[in-house]
Amino acid sequence: QVQLVESGGGLVQPGGSLRLSCAASGSIFSIIGMGWYRQAPGNQRELVAALPNVGRANYADFVKGRFTISRDNAKNMVYLQMNSLKPEDTAVYYCNSVTVPWTWGQGTQVTVSS
């Protein structure tokens, strides 16, 4: 069973930055494409950014130019650097494989508010 553990969320003012981390244990991480998702209250979970095992990252239009996804295969980690945060970015953020989906973790709460 693959375990996904997200961390790094918190409360930040508009225009601020956060860096989220995701640890994926018990997986063949280096060959798996990984992504970050988010879910706001009353909304469905949506894909924010995706990074294949090789190749270029892809971003949703609403975060393009503000967020950067990266990975460290040696540590089985994936990261999301979030800059210029907006109130509408408020959500619970999750990581998961975009190649072979695993069981969802608990996510990490990001709240952008004055």
Side-chain angles (χ1 to χ4, degrees):
Q1 181 73 43
V2 175
Q3 185 176 36
L4 298 168
V5 181
E6 300 92 346
S7 62
L11 175 64
V12 65
Q13 293 185 338
S17 298
L18 286 172
R19 192 186 195 218
L20 307 184
S21 298
C22 169
S25 63
S27 67
I28 307 175
F29 187 82
S30 63
I31 66 171
I32 301 298
M34 294 294 295
W36 282 96
Y37 303 75
R38 70 186 187 188
Q39 186 171 23
N43 294 335
Q44 292 187 318
R45 184 180 279 121
E46 60 185 352
L47 181 65
V48 174
L51 183 61
N53 60 329
V54 295
R56 299 178 65 182
N58 293 294
Y59 299 93
D61 287 342
F62 51 82
V63 304
K64 194 170 296 181
R66 301 188 296 122
F67 291 9
T68 303
I69 186 173
S70 61
R71 65 193 296 157
D72 185 339
N73 289 339
K75 298 180 179 179
N76 282 11
M77 297 285 290
V78 60
Y79 308 96
L80 186 68
Q81 178 66 48
M82 306 186 295
N83 299 324
S84 302
L85 283 162
K86 305 174 181 180
E88 51 263 43
D89 294 319
T90 296
V92 178
Y93 284 72
Y94 304 86
C95 63
N96 212 330
S97 169
V98 295
T99 305
V100 182
W102 300 314
T103 300
W104 296 98
Q106 293 295 305
T108 185
Q109 176 72 51
V110 172
T111 302
V112 185
S113 176
S114 298

Apply the side chain to side chain contact (heavy atoms under 4.5 Å, CB included) test between Tyr79 and each candidate in Leu51, Asp72, Leu20; give the one that qualifies. Asp72

Tell me whether Thr90 contacts the main-chain N or O of Val112 through its side chain, where contact means a donor paired with an acceptor under 3.5 Å. yes

List the residues meeting side-chain hydrogen bond (donor to acceptor under 3.5 Å, both in side chains) with Tyr37, not counting sequence neighbours, and say none if there are none. none

So do the side chains of Ser70 and Arg19 get within less than 4.5 Å of each other, counting heavy atoms only? yes

Between the CD atom in Gln3 and the OG atom in Ser25, the distance rounded to the nearest 0.5 Å is 4.5 Å

Tell me, do Arg38 and Thr108 make a side-chain contact under 4.5 Å, heavy atoms counted? no

If you measure from CZ on Phe67 to CG on Asn83, what distance do you get to the nearest 0.5 Å? 8.5 Å

Tell me every residue that passes side-chain hydrogen bond (donor to acceptor under 3.5 Å, both in side chains) with Thr103, counting only those two or more places apart in sequence or in another chain. Gln1

List the residues meeting side-chain hydrogen bond (donor to acceptor under 3.5 Å, both in side chains) with Ser7, not counting sequence neighbours, and say none if there are none. none

Any side-chain heavy atom of Val110 within less than 4.5 Å of one from Met82? yes

Do we get Arg45 above Tyr94's six-membered ring, with its NZ or CZ under 6.0 Å from the centre and within 45° of the axis? yes

Taking ILVMFWY side chains as joined if any heavy atoms are under 4.5 angstrom apart, and letting links pass through other members, which residues group with Val5? none

Side chains of Leu4 and Cys22: closer than 4.5 Å at any heavy-atom pair? yes

Sequence neighbours excluded, which residues qualify as side-chain hydrogen bond (donor to acceptor under 3.5 Å, both in side chains) partners of Thr111? Gln109

Using atom types as modelled and distance alone, determine if a side-chain donor or acceptor of Glu46 lies under 3.5 Å from a backbone N or O of Gln39. no

Between Asp61 and Lys64, does any side-chain N to carboxylate O distance fall below 4.0 Å? yes

My understanding is that only residues two or more places apart in sequence, or in another chain, count here; which of them pass side-chain contact (heavy atoms from CB on, under 4.5 Å) with Asn58? none

Looking at Ala24, is its backbone amide N or carbonyl O close enough to the side chain of Asn76 to form a donor-acceptor pair, meaning the two atoms are under 3.5 Å apart? yes

Is there side-chain contact between Val78 and Trp36, with at least one heavy-atom pair below 4.5 Å? yes

Counting C-beta onward and ignoring hydrogens, is there a side-chain heavy-atom pair between Gln13 and Ser113 closer than 4.5 Å? no

Is there a side-chain contact between Leu18 and Leu85 in this structure, where contact means two heavy atoms from C-beta onward sitting under 4.5 Å apart? yes

same_hphob_cluster(Leu47, Trp104) at 4.5 Å side-chain heavy-atom cutoff: yes

